[in-house]
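Predicted model only: the values in this text are computed from it and were never measured. In this chain, numbering begins with 1 at the start of the sequence shown.
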Amino acid sequence: MLSETCPECGTPLFRKGKETFCAKCNKPVVIIQTAEDEIRLKSDTILENSEQILMAKIQEINLALRNEKDPDNLVAYGNALSSWLSAIEKLRRLKRDESG
Ligand SMILES: [Zn+2]
């Protein structure tokens with residue numbers, strides 16, 4: 001079984017000799033996706049996931065900040081927040097560069 005799915009029915013495709021074959025449609029499928037596209041798609045997914053994780057962390061730190069009174073902790077949270085925000089900024093720049 002291949003990682004690609006049939007563009008028509010979404011069934012995972014099989015390699016049959018030199019052809020990529022969909023068992024459900026019972027016909028060969030031409031994959032127009034190049035290796036380069038696949039790499040780009042994968043890295044987009046990774047960037048997207050990283051951004052989501054960072055966003056979730058920022059949300060957590062916001063909640064923690066609300067109740068935090070210790071100055072040292074506040075500085076630590078502030079530093080974390082600042083570095084995560086710049087990480088998100090970099091992630092977004094990377095995504096933009098790739099799509100453009
Ligand atoms: Zn199919």
Side-chain angles (χ1 to χ4, degrees):
M1 198 187 289
L2 302 171
S3 60
E4 294 97 326
T5 54
C6 173
E8 281 174 44
C9 68
T11 302
L13 298 172
F14 289 86
R15 185 80 68 193
K16 197 178 184 187
K18 277 182 180 175
E19 278 178 337
T20 306
F21 200 82
C22 175
K24 198 177 174 188
C25 300
N26 200 31
K27 65 178 185 186
V29 176
V30 181
I31 303 288
I32 29 172
Q33 193 181 57
T34 63
E36 201 182 320
D37 283 340
E38 204 178 328
I39 289 164
R40 183 173 289 187
L41 208 66
K42 262 181 199 156
S43 67
D44 274 357
T45 309
I46 292 165
L47 292 174
E48 197 66 49
N49 287 343
S50 307
E51 194 179 319
Q52 273 170 18
I53 290 164
L54 286 167
M55 281 301 196
K57 284 292 157 198
I58 286 169
Q59 204 170 13
E60 280 174 31
I61 226 168
N62 277 340
L63 293 171
L65 263 171
R66 204 173 290 171
N67 301 314
E68 187 56 65
K69 295 198 168 58
D70 185 283
D72 288 343
N73 285 344
L74 285 172
V75 169
Y77 285 150
N79 287 340
L81 201 59
S82 156
S83 62
W84 292 342
L85 284 172
S86 58
I88 287 174
E89 199 186 2
K90 281 176 197 160
L91 286 170
R92 289 191 172 157
R93 206 176 303 148
L94 269 172
K95 274 197 291 192
R96 214 173 35 235
D97 285 353
E98 274 182 14
S99 57

Undergrad: Between Thr20 and Arg15, is any pair of side-chain heavy atoms under 4.5 Å apart?
TA: yes

Undergrad: Any sub-3.5 Å donor-acceptor pair from Glu19's side-chain atoms to Phe21's backbone N or O?
TA: no

Undergrad: To the nearest 0.5 angstrom, please state how far the NZ atom of Lys27 sits from the SG atom of Cys6.
TA: 7.0 Å

Undergrad: At what distance, to the nearest 0.5 angstrom, does OG of Ser43 lie from CD of Glu48?
TA: 11.5 Å

Undergrad: Is any side-chain heavy atom of Asp70 less than 4.5 Å from a side-chain heavy atom of Glu68?
TA: yes

Undergrad: CD of Gln52: more than 12 outside heavy atoms within 6.0 angstrom?
TA: yes

Undergrad: Evaluate the side-chain proximity of Leu41 to Asp37: yes if any heavy-atom separation is below 4.5 Å, no if none is.
TA: no

Undergrad: Let me see the working for Thr5 and Thr11 under side chain to side chain contact (heavy atoms under 4.5 Å, CB included), right down to the final yes or no.
TA: CA-CA 5 Å; Thr5 54; Thr11 302; over 6 Å; no

Undergrad: Distance check, rounded to the nearest 0.5 Å: Leu94 atom CG versus Ile46 atom CD1?
TA: 11.5 Å

Undergrad: Any non-hydrogen side-chain atom of Leu65 less than 4.5 Å from a side-chain atom of Leu74?
TA: yes

Undergrad: Test of understanding: clusters of I, L, V, M, F, W, Y form through side-chain heavy atoms closer than 4.5 Å, transitively. Do Ile53 and Leu81 belong to the same one?
TA: no

Undergrad: Apply the test salt bridge (charged side-chain N to carboxylate O under 4.0 Å, His left out) to residues Lys24 and Glu8: give CA-CA distance (whole Å), side-chain angles for both, the deciding distance (0.1 Å), then the verdict.
TA: CA-CA 10 Å; Lys24 198 177 174 188; Glu8 281 174 44; over 6 Å; no

Undergrad: Rounded to the nearest 0.5 Å, what separation is found between the CD atom of Glu36 and the CD1 atom of Ile39?
TA: 7.5 Å

Undergrad: Strictly below 4.0 Å, N to O, side chains only: are Arg92 and Glu89 in salt-bridge contact?
TA: no

Undergrad: Calculate, to the nearest 0.5 Å, the distance between atoms OG and CZ belonging to Ser86 and Arg93 respectively.
TA: 9.0 Å

Undergrad: Please report the C-alpha distance between Glu60 and Lys57 in whole Å, then the side-chain angles of each, then the deciding distance to 0.1 Å, and finally whether the salt bridge (charged side-chain N to carboxylate O under 4.0 Å, His left out) criterion is met.
TA: CA-CA 5 Å; Glu60 280 174 31; Lys57 284 292 157 198; 3.2 Å; yes

Undergrad: Under 3.5 Å, side chain of Ser82 to main-chain N/O of Gly78, donor-acceptor pair present?
TA: no

Undergrad: Atom CD1 of Ile58 and atom OH of Tyr77: how far apart are they, to the nearest 0.5 Å?
TA: 14.5 Å

Undergrad: Check whether any side-chain heavy atom of Leu54 lies under 4.5 Å from a side-chain heavy atom of Leu91, and answer yes or no.
TA: yes

